[in-house]
Each structure stands twice: as structure tokens, then as C-alpha cells.
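Take a look at the structure below.
Values below: every heavy atom of this structure, side chains too, minus hydrogens, waters and symmetry copies. One-based numbering, in listed order, for ligands and for the atoms of each.
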Amino acid sequence: MSPKIKYTKIFIDNQWVDAVSGKSFETFNPYNRNVIANVSEGDKDDIDLAVQAAKCAFRRKSAWRLLNPSQRGDLLNKFADLVQRDLEYLAQLETYNNGMVIKNSRRFVKLAIDYIKYNASLADKMHGNTMPTGASFSYTLKQPVGVCGIILPWNVPLLVFAGKVAGALAAGCTVIVKPAEQAPLTSLALAALLAEAGIPAGVVNIVPGFGDSAGAALTHHPDVAMISFAGSLEVGKLIQQAAGTNNLKRVALELGGKSPLVIMNDADLNIAVPFAALGVFTHQGQICIAASRLYVQSGIYDEFVKRAVEFAKTLTPGDPSDESTQYGPQIDETLMTHILKCIESGKLEGAKLLTGGKRIEGSGFCIEPTVFADVTDDMTIAKEEIFGPVQSILKFETLEEVVDRANASNYGLAAGIFTTSLDNAMQFSTHVEAGIVWVNTYLEFRPDVPFGGFKDSGIGRENGTDGVDVFLEVKTVTMVLSNDF
Ligand code: NAD
Ligand code: MG
């Protein structure tokens with residue numbers, strides 16, 4: 001049964017409102033391409049109203065930032081409890097709107113609850129330092145940066161919402177969230193829960209709409225102090241430019257990747273093969289940390305490739321809402337076409353297609369789990385972020401060589417290694433250029449460890465204590481001691 005859609009309007013000052021223009025846009029179920037709702041289409045005028053509300057909630061005397069910090073934590077914990085209460089509904093809604101298989105949607109809602117609770121626990125721990133220096137005395141205060149714009153991707157919207165909004169709120173900021181046009185529904189459902197938890201009006205505002213209108217208006221707005229964004233590198237660059245146009249905004253950017261996963265000769269293949277598959281086929285490859293460059297050492301290469309193909313063939317696509325489905329659709333036709341084009345380039349440039357490679361006819365935007373072997377570093381499928389179910393296997397000889405090859409990318413989000421040698425693990429994790437390194441595991445998320453990228457994969461970190469620090473300014477106060485004591 002389809003989840004009931006309760007919220008489709010813009011959320012400003014804890015009120016549900018139509019767009020100023022009166023416009024709305026359709027949102028789809030990517031599995032069967034049915035229109036599931038018409039959502040109010042926010043634009044510059046709506047962003048202006050939302051920023052006004054957030055600014056007022058930040059500045060006024062009873063402001064969010066002036067609440068006792070542990071009270072902010074309590075309210076966030078109430079929000080987490082409500083997400084827990086509605087876990088099944090929220091998971092169904094995420095699946096319905098972005099095609100994530102239901103088991104993963106549930107896992108991500110649980111993780112979102114952990115993210116919120118972790119940030120709640122930090123609300124009263126944003127301590128500064130004291131610097132007594134003889135004749136004067138200084139201390140630092142950590143204060144919220146101000147009104148923040150949060151721009152979300154469609155691939156894991158609920159989780160990214162939870163991490164960013166909880167971090168900003170714990171810090172004392174007020175926010176305007178612009179969900180992705182492809183999957184806005186869980187953000188709207190979370191807004192209702194924030195209000196139910198008692199988060200004051202204006203602290204969180206949600207304006208669904210398109211990137212080049214609502215998104216651009218937010219990134220150009222002079223009263224917005226910071227933009228926290230997760231999405232593509234291309235849009236990340238536009239955001240950084242816009243952030244320097246009318247005022248100087250801080251930016252936190254969680255961008256794409258082309259993450260290398262290295263399998264050494266001494267790895268346990270019973271673990272490495274399924275993790276490598278999980279790393280690239282989870283959510284049909286639509287994850288920023290996808291293990292999309294799989295480097296396998298020459299001594300186990302043939303055996304690994306054989307097992308990787310066998311594993312990929314076990315993933316049967318289906319309706320992501322069905323309990324047994326492990327593998328669903330891509331988000332839309334644009335992405336599907338891009339992925340199929342990448343697959344064609346792999347074939348043309350000489351990679352060996354061993355399984356998959358085609359659209360599954362008669363379904364939504366489903367593509368077969370695809371494995372290429374004999375991929376080389378110069379091929380398009382080894383360089384571009386495909387954002388689809390394409391495992392590209394490359395051969396290597398030595399650890400030193402593979403570290404150089406892994407680092408020869410403009411991206412630097414995640415990296416992984418499977419090995420039973422401590423030295424291999426330490427050498428790799430020391431020298432690889434990536435914000436997140438997994439050893440004998442992959443795709444592990446935790447609220448208490450920082451998440452973000454080197455190089456073109458981003459600026460700033462989410463989660464851990466860094467996830468709150470990005471929303472804070474440091475203020476130094478210096479007092480002179482009178483010398484007539
Ligand atoms: P996208 O960049 O196309 O869109 C992301 C958001 O930006 C959407 O809300 C969109 O409306 C908005 N946007 C588009 N143009 C804009 C503009 N000119 N100004 C302001 N906002 C604008 O990304 P996507 O297709 O939603 O998501 C896929 C990408 O996101 C991949 O590259 C993926 O790797 C990345 N991603 C990264 C992380 C991370 O944490 N590192 C997490 C999820 C997704
Ligand atoms: Mg996109």
C-alpha cells in the first residue's frame with residue numbers, strides 16, 4: 001500500500017503555505033513513473049519570506065540561539081523520538097519518492113535518528129577556551145553563524161536533512177531547507193515532526209523548488225550567513241561563486257566522488273567480494289561514496305572478477321517497496337540516460353563487459369547491475385562519477401602503484417582497502433587522498449565520525465564534533481585587568 005502523502009506545501013514560520021506564484025510541480029515514484037503528488041514550487045519570493053522568518057527567529061529576544069543549550073538538545077531529542085515513532089512511514093515515503101529499497105530506507109531512518117541524537121548531545125558542549133595572559137584575560141565563545149541555507153540532494157534526502165539540520169540547530173542557527181526537486185516529500189514530513197516536537201516557529205523553514213530558482217535565490221540572499229550543501233561538484237562550484245556575490249557566506253560542501261576500493265592479494269575474498277558489490281550497487285550506485293574504481297591485485301584478479309560477476313547476477317531488480325527487493329530503479333530518465341551513455345563509452349573504449357549493461361525494459365528507470373573488467377585509468381568509466389550500478393574493475397601490481405593511481409583523481413571523498421596486512425592498511429590509509437578511509441569494511445556510517453571530502457569532493461565535515469563546528473563562529477573576548485588591585 002502506498003504511504004499517505006500529508007504535506008505538499010511550503011513550510012514557513014511553522015505554517016503550511018502555497019507558493020507566492022501559486023505554482024506547483026509534480027513529483028514521481030521512480031519505479032513506475034506515476035505522479036504521486038503536486039508540491040508547491042517555491043521561488044525567490046518564497047525564499048525571501050523564509051529568510052525573513054529565519055532571521056527573525058535568530059535575532060529576536062526569545063531567539064533560538066539564546067535558549068538554554070540543553071533545552072535545544074531536549075527539543076532535538078524530542079524530534080528524534082518522533083522520527084522513531086514514524087520510522088516505518090518515513091521509510092515507506094522515502095522509498096516511494098526516490099526508489100531506495102525499503103530495507104535500506106529503514107536503515108537510513110534509523111541512522112538519521114542516531115545523527116539527530118548525537119547532535120542533540122552536543123548542544124550544551126560547545127565550549128570555548130580561556131587564555132589568561134598577565135595584564136589581560138581572554139576567552140573564546142562559540143556562537144552560531146546565523147541564518148543557514150541547507151540545500152539537499154535527492155539520493156539520501158532524509159539522512160542528509162537529519163545530519164545538517166540537527167547540526168545547525170544544535171549550534172543555535174536557524175535554517176531554510178531547499179529539498180531536491182526529485183524527492184521533496186520526506187523533508188516536508190520531517191518539518192511537521194519538528195513543529196510537533198516544539199521547535200519554535202521560524203527556526204526551520206522548508207522551501208521546495210528548483211535549483212536555478214529557489215536554490216539560486218537562497219545562495220545569493222544577503223541575509224543568509226552560510227550555505228550547507230550536498231550534491232554534485234558542478235552545482236557545488238556554482239554555490240561557491242554565488243556565496244561570494246552579495247555577501248560573503250561560509251560554505252560547507254559535500255560533493256561527489258570516484259572512490260577507489262583496493263583489494264590486496266592477501267584479502268579474504270569471502271568478505272571483499274560482497275563488500276565491493278555493496279559498495280557500488282547499494283541504492284543502484286546512487287551514493288556519493290560509491291566504490292566506483294575497484295582496484296584488484298594481479299594475484300587474485302581472475303578469481304575476484306569471476307566471483308564479482310557471480311555476485312552481481314544475484315541482484316534481482318524489483319519494486320523497491322517490496323520486502324524482498326534488493327535492487328530498485330534509478331531516480332529519473334536523465335540519470336538513466338547518463339548511466340547508459342557511460343556504459344556505452346566503457347564498451348567503446350575497450351573495457352570488458354561481463355554482465356549487465358542494459359536497461360530493464362518494462363520497468364521504471366531500472367538498469368541491470370553491470371560489471372566491467374580490464375578497465376584502465378584513462379577510460380571515462382574510471383574517471384567520471386557515473387552515479388549508477390557500474391562496477392569498474394582495474395588490475396594493479398603493487399601498493400605504491402595503486403596509491404598513486406587512486407590519488408590521480410580530482411575527487412577525494414572515500415577510499416577502502418581489503419587486506420590482512422597491518423602494514424598495507426597503514427600505508428594506504430596514510431597516503432590515500434580521501435576524507436573517509438575504510439579498512440576491511442565499506443559504507444559504514446556513524447554519527448560520531450566526521451564525514452566529508454578532500455579536493456573536489458568538498459569543503460567542511462559533517463558529523464562528529466566537526467559537524468557542529470561548521471555552524472559556529474569563534475568570538476574572542478579580551479578584558480584588561482585593572483592594575484590598582
Ligand atoms: P545536484 O547537484 O544536481 O542537486 C543538488 C541540489 O542542488 C538540489 O536540491 C538542486 O535543486 C540544487 N541546485 C541545483 N542547481 C542549483 C543552483 N544553481 N543553485 C543552488 N542550488 C542548486 O545533485 P543531485 O543530482 O541531487 O545529487 C547527486 C550528487 O550529489 C552526486 O554528485 C553525489 O555524489 C552528490 N552527493 C554527495 C553527498 C555527500 O555527502 N558527499 C551526499 C549525497 C549526494
Ligand atoms: Mg543532479
Distance to the ring centre below 6.0 angstrom and angle to the axis at most 45 degrees; does that hold for K6 and Y89? yes
- Report yes or no: do D404 and H431 form a side-chain donor-acceptor pair below 3.5 Å? no
### Query
Between E349 and T380, is any side-chain donor less than 3.5 angstrom from a side-chain acceptor?
yes
Per-atom filter on ligand 1: closer than 4.0 angstrom to a heavy atom of C288 are 33 (C), 34 (O), 36 (N), 37 (C), 38 (C), 39 (C), 40 (O), 41 (N), 42 (C)
Short version for L413: what comes under 4.0 Å of ligand 1, heavy atoms counted, is side chain
Side chain or backbone, does T219 bring an N or O within less than 3.5 Å of an N or O on ligand 1? no
Next item on the list: Would you please classify the geometry between the F418 ring and the F275 ring as parallel, tilted or perpendicular, with 30° and 60° separating the classes?
Entry: tilted
Looking only at distances, can you tell me whether any N or O atom of G211, backbone or side chain, sits closer than 3.5 Å to an N or O atom of ligand 1? yes
| task | Check the side chains of Y295 and D377 for a donor-acceptor pair under 3.5 angstrom, ignoring hydrogens and angles. | result | yes
Ligand 1 atoms nearer than 4.0 angstrom to some heavy atom of L152 are 5 (C), 6 (C), 8 (C), 9 (O)
Would R33 and F365 count as a cation-pi pair here, with the cationic atom under 6.0 angstrom from the ring centre and within 45° of the axis? yes
Exercise. Does an N or O from K178, backbone or side chain, lie closer than 3.5 Å to an N or O of ligand 1?
Worked result: yes
Counting heavy atoms under 4.0 Å, the part of N155 that contacts ligand 1 is side chain
Per-atom filter on ligand 1: closer than 4.0 angstrom to a heavy atom of F451 are 40 (O)
Does the side chain of T355 come within less than 4.5 Å of T370's, by heavy atoms?
-> no
Consider every N or O of L238 and every N or O of ligand 1, then say whether any pair is closer than 3.5 Å.
-> no
In ligand 1, the atoms that come under 4.0 Å of a heavy atom of A216 are 19 (N), 20 (C)
Any side-chain donor paired with an acceptor under 3.5 Å for T186 and E94?
yes
Below 3.5 Å, N or O to N or O, backbone or side chain included: is there any such pair between G231 and ligand 1? yes
Within 4.0 Å of some non-hydrogen atom of E254, the atoms of ligand 1 are 37 (C), 38 (C), 39 (C), 40 (O), 41 (N)
(Q) Can you confirm whether or not the ring centre of F445 sits under 6.0 Å from the ring centre of Y115? (A) no
Problem - Ring centroid separation W16 to F11 under 6.0 Å - result: yes
So the atoms of ligand 1 within less than 4.0 Å of a heavy atom of W154 turn out to be 24 (P), 25 (O), 26 (O), 27 (O)
Give yes or no for whether the N/O distance cutoff of 3.5 Å, strictly under, is met between V156 and ligand 1.
no
Do any nitrogen or oxygen atoms of S232 come within less than 3.5 Å of a nitrogen or oxygen of ligand 1? yes
Counting only nitrogen or oxygen atoms and a 3.5 angstrom limit, does E385 reach ligand 1?
yes
| said: Please determine whether any non-hydrogen atom of G458 lies less than 4.0 Å from an atom of ligand 1. | reply: no
**Request:** Hey, can you tell me if H283 and W154 have their rings parallel, tilted or perpendicular (30° and 60° cut-offs)?
**Result:** perpendicular
In ligand 1, the atoms that come under 4.0 Å of a heavy atom of E181 are 10 (C), 11 (O)
Within 4.0 Å of some non-hydrogen atom of P153, the atoms of ligand 1 are 26 (O), 27 (O), 43 (C), 44 (C)
Exercise. Do the side chains of S259 and Y442 get nearer than 4.5 Å, heavy atoms only?
Worked result: yes
